[in-house]
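All values derive from a computational prediction rather than experimental measurement.
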Amino acid sequence: MMSALTPAQARTDRQQAEARRAERKADMIFLEALRHKEQGDLDAYADLVVRAYQTNPSDPYLGWEYGRFVMATTTPEDSATASEAYALMRDYAVDGDGARDFYTVSVTSQTADRLGRDSDARLMLKRLYESNPTRPEVAANYAQRLSLSGKADDLREALAVYDTIEAREGMSIPLSGLRMRTFMMMGDTTALLGEARRLFESSPATADYAVMAGDVYSQMGLSDSALAFYDKAIEVDPASGIAYFSRANLYLNRGDSAAYDREIFMALSQPDLDVETKADLMRDYVSKLYRDPAQRERIETLFGHLLDQHPHESAVHGLYADYLAAVGEYGRAAEQVDYQIALDPSDPNRWRLLGSLHLSLHDYPAAAATAIKAMEFFPDDTQLPLMAAAALTESGKSDEAIDLLRKAAGNPAFDSETRSDLVTSMGDALYRNGQTDSAFVYYDEAIRLNPANFLAMNNCAYFLACTDRDLDRALELIEKASAGRPDDPTTLDTYAWVLFKRRDYEKARELIDRTLALTEEAGEELSPELLEHAGDIYFMLREPDTALAFWKRALELDPSSDLLKRKVTHKTYFYE
C-alpha cells in the first residue's frame with residue numbers, strides 16, 4: 001500500500017512537472033527559431049529566441065543565444081544591458097558546457113573583445129588553441145591576442161606559437177608577416193631583417209617572397225639590399241607586377257623620376273597585377289603629375305595601355321574620365337563616363353558627373369537627357385531633378401523644367417530642404433519663362449520651406465533689383481544671404497547690384513571690388529555679367545575710363561550683347 005504524498009512533496013512534483021513542460025516548450029520554440037533562421041527569416045528567429053529564453057531562463061544555452069541576440073541589438077551606450085547579456089554568454093562559453101564548443105567560444109571571445117574584457121578573451125582563445133592544436137588560424141588568433149599586451153613574456157610566447165604553426169604548415173608570407181610584426185614590437189630589428197631573409201631563402205625562386213623581403217629592407221632604409229631583392233624577384237618572374245611596383249616606389253623615394261616612370265609602366269603592363277591595384281597605382285601616379293602639361297603625353301600613353309588590357313573595367317574608364325575632367329578635356333571625359341555607365345550604371349555620382357560635363361560643354365540637351373535617364377534609376381536622388389531642370393531651362397524648355405520640378409517637389413522621400421531647393425529652381429525657370437510674378441511667389445515658398453535657403457534669397461533679391469521691384473525687400477533678402485555666405489562672390493555681386501539699384505554707389509563699389517578680388521583669388525574666370533556690373537557702378541561714381549575698361553572686358557567674353565556694344569561704342573551707361 002502506497003503512502004499518500006505530503007503537500008510539500010506534491011508541490012515539488014508539480015513544480016518539477018512544470019519545469020519539464022517549460023523545458024519542452026522552450027525546446028520546441030527554439031527548434032522553430034532555427035527553422036526560421038535556415039529560411040533566412042532572421043526577425044522571426046530573433047523573436048522566437050527571446051520567447052524560448054523567457055519560457056526557460058534556466059537553460060544556459062538559451063541564455064547564451066539570448067545574450068548574443070541582446071548584444072547584437074544593444075547600443076554601445078547601454079553598458080548595463082550589454083554587461084548582463086555578456087554575463088549570460090560567458091556563463092555558457094567559459095564556465096558551462098559551451099567551453100567545449102569551438103563556435104560558441106569563438107563568438108563569445110569576439111564579444112569579450114568588443115567589451116574590452118581582455119582577460120576573458122585571452123582565456124577563451126587560449127582554450128581554443130589548446131583544444132584545437134592543429135588549426136593554424138586558432139593558433140594565430142591566440143598569438144595575436146598575446147601580442148596585444150606588448151609585454152616581453154607575451155611576445156616571446158606569441159613567437160613560440162608561431163613556431164608551432166610553421167612546424168606544421170611551413171613558412172608563408174602571412175606567418176612571416178606576423179613574426180616580423182612581433183619583432184617590431186620587441187624592437188629587434190636584427191631579428192626582423194633576419195626573418196625577411198629567412199623567408200626569401202626558404203624559397204628563392206618565389207618572387208613574392210623576394211618582394212616581401214625587399215619591402216622590409218626598404219622600410220628599414222636599406223635601399224641597396226631592397227633593390228637586390230626586387231631585382232631577384234623580377235629575375236625569377238619577369239611578369240611580377242608587384243615587384244615592378246615595389247621597385248618603382250624605391251626609385252621614387254630615391255628621387256629617380258625616370259626610373260620611377262619606367263617601373264610604373266612595367267608594373268601596369270603585367271597581367272598578374274590585379275586591376276584594383278593598377279587603378280590605385282595609376283591614381284597615385286596621375287595625382288603627382290597631372291598639373292604638369294609636359295607629363296600629359298606619358299599619362300595618356302599609360303591610360304591607353306591600361307584600357308587595352310582592361311577594356312571592360314568600369315573603374316579604369318572612370319579613373320581616365322576623372323583625369324580628363326581635371327585637365328579640362330570635358331568632351332573626352334564625357335565619352336569615358338559614358339563607357340563606365342554602360343558597364344556599370346549603379347553609381348548615381350557618375351551619372352551626375354556626366355550631366356555636369358555636358359553642362360560644362362554647354363550641351364544642355366545632352367545634360368537634360370542624362371539627368372532624366374538617371375532619374376529612372378535613382379528616383380529619390382535629390383540632385384538629378386535640379387540638374388535636369390537647369391539643363392532644360394538653358395535649352396529654352398522652361399515649361400518642361402517647371403513640370404519636372406513640380407513632380408519632383410511632390411516626392412514624399414524628399415525633406416523640406418530638398419523641396420525648398422526644387423522650388424527655388426522652379427522660381428528660376430518661371431522667371432526665365434517670363435512669369436515674373438509667379439517666380440517671386442515660388443521664391444517666397446522656398447524660403448518658407450527652408451529659412452536658410454540663401455540661394456533662393458539671392459536669386460529673389462537679384463531679380464527684384466533687375467525689375468526695379470520692392471528694393472527694400474531685395475535689400476532685406478540679400479543682407480540675410482550675405483550674412484549666411486559672407487565670402488560667396490555670387491552673393492556679393494547681387495548685394496552690389498541691389499545697392500546700385502538703390503543708388504548707394506560707394507558701398508556698391510566696395511562690394512563689387514571684393515567680389516572681383518575673391519573670384520580672382522579662387523582662380524575662377526570673371527563672368528561678363530560681373531564685369532558689366534563693375535563698369536556700371538564705376539560709371540555712376542564718375543570714373544568713366546575705369547567703367548569703359550570693365551565694359552570692354554565684358555564684351556570680349558560676351559560679344560553678342562547689344563547693350564554692352566552700345567556702352568562701349570558710346571562710352572556711357574544706358575538704362576535697360
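Taking the six-membered ring for Trp, Tyr209 and Phe200 have ring centres at least 6.0 Å apart. Taking the six-membered ring wherever Trp is involved, the centroid distance between the rings of Tyr364 and His358 does not fall below 6.0 Å.
Within 6.0 Å of atom OH in Tyr339, 12 or fewer heavy atoms from other residues, nucleotides or ligands are found, so the atom counts as exposed in its surroundings. Annotation for Glu525: atom CD does not count as buried by contact number, only 12 or fewer foreign heavy atoms lying within 6.0 Å.
Under the 4.5 Å side-chain criterion, counting only non-hydrogen atoms from C-beta, Gln309 is in contact with Lys278. Taking the side chain as every heavy atom from C-beta outward, Trp351 and Val337 never approach each other to under 4.5 Å. In this structure the side chain of Phe303 reaches within 4.5 angstrom of the side chain of Met282, judged on heavy atoms. Proximity of Asn249 to Ser246: side-chain heavy atoms (C-beta onward) are nowhere separated by under 4.5 Å. When side chains are defined from C-beta on, Phe265 does not count as touching Tyr260, because their heavy atoms never get closer than 4.5 Å. Side-chain contact check for Asn459 versus Tyr443: some heavy-atom pair is nearer than 4.5 Å. Using a 4.5 Å heavy-atom cutoff, the side chains of Ser482 and Phe454 are not in contact. Between Leu464 and Leu471 the shortest side-chain heavy-atom distance does not fall below 4.5 Å.
Looking at Glu476 and Lys480, a side-chain N of the basic residue comes within less than 4.0 Å of a carboxylate O on the acidic one, giving a salt bridge. Between Arg553 and Glu556, no side-chain nitrogen of the basic residue sits less than 4.0 Å from a carboxylate oxygen of the acidic one, so the salt-bridge criterion is not met. With respect to the salt-bridge test (charged N to carboxylate O, under 4.0 angstrom), the residues Lys373 and Glu376 qualify. The pair Arg350-Asp344 fails the salt-bridge criterion, with no side-chain N (NZ, NE, NH1 or NH2) lying under 4.0 Å from an Asp/Glu carboxylate O. Salt bridge annotation for Arg283-Asp322: absent, with no cationic side-chain nitrogen under 4.0 angstrom from a carboxylate oxygen. Note on Arg473 versus Asp470: no salt bridge recorded, every NZ/NE/NH1/NH2 to OD/OE distance being 4.0 Å or above. Between Glu300 and Arg332, at least one side-chain N (NZ, or NE/NH1/NH2) sits under 4.0 Å from a carboxylate O, which counts as a salt bridge. With respect to Glu532 and Lys567, a salt bridge is recorded, a charged nitrogen being found less than 4.0 Å from a carboxylate O. Classification of Arg514 and Asp493 as a salt-bridged pair fails, no side-chain N sitting under 4.0 Å from a carboxylate O.
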Kindly determine whether Lys232 and Asp237 satisfy salt bridge (charged side-chain N to carboxylate O under 4.0 Å, His left out), including the steps that lead there.
-> CA-CA 8 Å; Lys232 181 64 177 178; Asp237 183 5; over 6 Å; no

May I have the step-by-step check of side-chain contact (heavy atoms from CB on, under 4.5 Å) for Trp551 and Tyr573, ending in yes or no?
-> CA-CA 10 Å; Trp551 289 334; Tyr573 176 79; 4.3 Å; yes

For Thr393 and Asp428, run side-chain contact (heavy atoms from CB on, under 4.5 Å): C-alpha distance rounded to whole Å, both residues' side-chain angles, the deciding distance at 0.1 Å, then the answer.
-> CA-CA 9 Å; Thr393 301; Asp428 296 342; over 6 Å; no

Could you give me the CA-CA distance, side-chain angles and deciding distance for Ser346 and Phe378, then say whether side-chain contact (heavy atoms from CB on, under 4.5 Å) is met?
-> CA-CA 9 Å; Ser346 64; Phe378 313 103; 5.5 Å; no

What do the steps show when you test Glu394 against His362 for side-chain contact (heavy atoms from CB on, under 4.5 Å), and what is the final call?
-> CA-CA 9 Å; Glu394 291 293 338; His362 305 293; over 6 Å; no

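Cation-pi check for Arg262 over Tyr251 is met; the charged atom lies under 6.0 angstrom from the ring centroid and within 45 degrees of its normal. Within the cation-pi definition used here (under 6.0 Å to the ring centroid, within 45° of the axis), Arg566 qualifies as a partner of Phe574.
Residues satisfying the side chain to side chain donor-acceptor pair (under 3.5 Å) criterion with Arg254, sequence neighbours excluded, are Ser223, Asp224.
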Show the atom names and distances, to 0.1 Å, of all donor-acceptor pairs under 3.5 Å that link a side chain in residues 402-411 to residues at least two apart or in another chain.
from: Asn411; atom 1: OD1; to: Ala413; atom 2: N; distance (Å): 2.8
from: Asn411; atom 1: ND2; to: Pro379; atom 2: O; distance (Å): 3.2
from: Asn411; atom 1: ND2; to: Asp380; atom 2: OD1; distance (Å): 3.2

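Tyr495 OH to Leu511 CG: the interatomic distance, rounded to the nearest 0.5 Å, is 6.5 Å. For the atom pair CE (Met426) and CD (Gln435), the distance works out to 10.0 Å, reported to the nearest 0.5 Å.
Exactly one residue among Asp381, Asp347, Thr370 makes a side chain to side chain donor-acceptor pair (under 3.5 Å) with Arg352. That residue is Asp381.
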